Amino acid sequence: MRTHTAERSALLAAMVAIGLVVLVSNIAVGYPINDWLTWGAFTYPVAFLVTDLSNRILGAAAARRVVYAGFAVGVLLSLYFADPRIAAASGGAFLVAQLLDVWIFNKLRQGTWWRAPLVSSLVASAVDTAIFFSAAFAMTGLPWVTWAMGDYAAKLAMAAILLVPFRVLVGLLPAEWREAPSQTA
C-alpha cells in the first residue's frame, strides 16, 4: 500500500540522489579522458535514470519537483566544489533538459516499458549537451566541440545501458508502486 510517508521518502531520496549526481558530474566534467570525452559523460546520465524512475513511480509533478531540487542542490554545491562557469552552464542545461525529459517521458509512459526512458533520455541528452558544452567551454580554447560529440555518444550508450537498472528497479517495486497515478504533464 502506498502511504504518504513512503511517497515523501521516495521523493526525498530522489532529490538527494539527483543533487549528488549533478555535483559529481560537474566535478567529473573537469577531468578529460581525451579530446573526445570527459568523465562527466558517464556520471550525468544517471540523472536521467533518477528523473525517469521518479516519473514512473511518483508521476510527472513529483519528477519536476525532483528536477527543481536537483537544480538547486546541484548548482549550490557545484558553485563551491566546481568551476563557477561549469556550475552555471550545468544549471541551465540541467533545468531545460531534465524538464524536457519529464515531459517526453510522461507523453510516452503508456507505451512499451523501454520507450519512455530511452526516447526521453536521448532527446533531452542532446539538448543538455548542446547547452552545457557551448555555455561552459565556448571561447576557452578547449576542444569543447569534440568533447560535446564524445559526450553525447557516451550518453547514447549510457541511456541504453541504464535501461537495465530502470527495468530491474521498477520490477522490484510492489505492483501498486510500478506506475504513478495518471496526471497531467
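Note that the coordinates shown come from a computational prediction; the quantities given were computed from them, not determined experimentally.
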Please examine the side chains of [Y] and [X], heavy atoms only from C-beta on, and report whether any two atoms are closer than 4.5 Å.
X      : Y      : value
Gln98  : Val66  : no
Ile33  : Thr38  : no
Asp52  : Phe166 : yes
Val170 : Trp177 : no
Leu100 : Val96  : no
Pro45  : Leu162 : yes

Could you state whether [X] and [Y] fall into the same hydrophobic cluster, counting links through intermediate Ile, Leu, Val, Met, Phe, Trp or Tyr residues with side-chain heavy atoms under 4.5 angstrom apart?
X      : Y      : result
Ile86  : Tyr80  : no
Leu95  : Phe132 : no
Val67  : Val75  : yes
Leu11  : Leu99  : yes
Phe133 : Val127 : no

From [X] atom [atom1] to [Y] atom [atom2], the distance as rounded to the nearest 0.5 Å:
X      : Y      : atom1 : atom2 : result
Trp36  : Trp147 : CH2   : CH2   : 13.0 Å
Met158 : Leu156 : CE    : CG    : 11.5 Å
Asn34  : Thr146 : CG    : OG1   : 8.0 Å
Arg85  : Ser78  : CZ    : OG    : 15.5 Å
Ile104 : Ser120 : CD1   : OG    : 6.5 Å
Leu108 : Arg115 : CG    : CZ    : 7.5 Å

So, [X] side chain and [Y] main chain: donor-acceptor pair closer than 3.5 Å or not?
X      : Y      : result
Ser121 : Leu118 : no
Ser134 : Ile131 : yes
Asn55  : Val102 : yes
Thr140 : Leu142 : yes
Tyr152 : Leu122 : yes

- Passes side chain to side chain donor-acceptor pair (under 3.5 Å), Ser90 versus Asn26? Steps please. CA-CA 7 Å; Ser90 170; Asn26 286 348; 2.9 Å; yes
- Message: I'd like to know whether CH2 of Trp39 has more than 12 heavy-atom contacts from other residues, nucleotides or ligands below 6.0 angstrom.
- Response: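 Incorrect, the count does not exceed 12.
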- Arg8, CZ: over 12 other non-hydrogen atoms inside 6.0 angstrom: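 Counting neighbours around CZ of Arg8, 12 or fewer heavy atoms of other residues, nucleotides or ligands fall under 6.0 Å, so no.
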How close do [X] and [Y] get, counting heavy atoms only, and between which atoms?
X      : Y      : answer
Thr129 : Ala148 : CG2-O, 3.3 Å
Val73  : Gly19  : CG1-CA, 3.9 Å
Ala89  : Ala135 : CB-CB, 3.6 Å
Ile18  : Gly70  : CG2-CA, 3.3 Å
Arg56  : Arg109 : NH1-O, 3.2 Å

- Query: Which other residues end up in the same hydrophobic cluster as Leu76, if Ile, Leu, Val, Met, Phe, Trp and Tyr are linked when side-chain heavy atoms come under 4.5 Å apart?
  - Reply: none
- For Val16, which fellow cluster members are found when Ile, Leu, Val, Met, Phe, Trp and Tyr are connected by side-chain heavy-atom distances below 4.5 angstrom, either directly or through intermediates?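 Leu12, Leu20, all in the cluster of Val16.
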- Considering only NZ, NE, NH1 and NH2 on the basic side and carboxylate oxygens on the acidic side, decide whether Asp151 and Lys155 come within less than 4.0 Å. yes
- Task: Mind telling me whether Phe71 and Phe94 have parallel, tilted or perpendicular rings, with 30° and 60° as the class edges?
- Result: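 Rings of Phe94 and Phe71: parallel, under 30°.
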- Task: Using the six-membered ring wherever Trp is involved, compare the ring planes of Phe48 and Tyr44 and label them parallel, tilted or perpendicular (cut-offs 30° and 60°).
- Result: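 Answer is perpendicular, since the angle exceeds 60°.
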- Does Arg167 make a cation-pi contact with Trp113 (under 6.0 Å, within 45 degrees of the axis)? yes
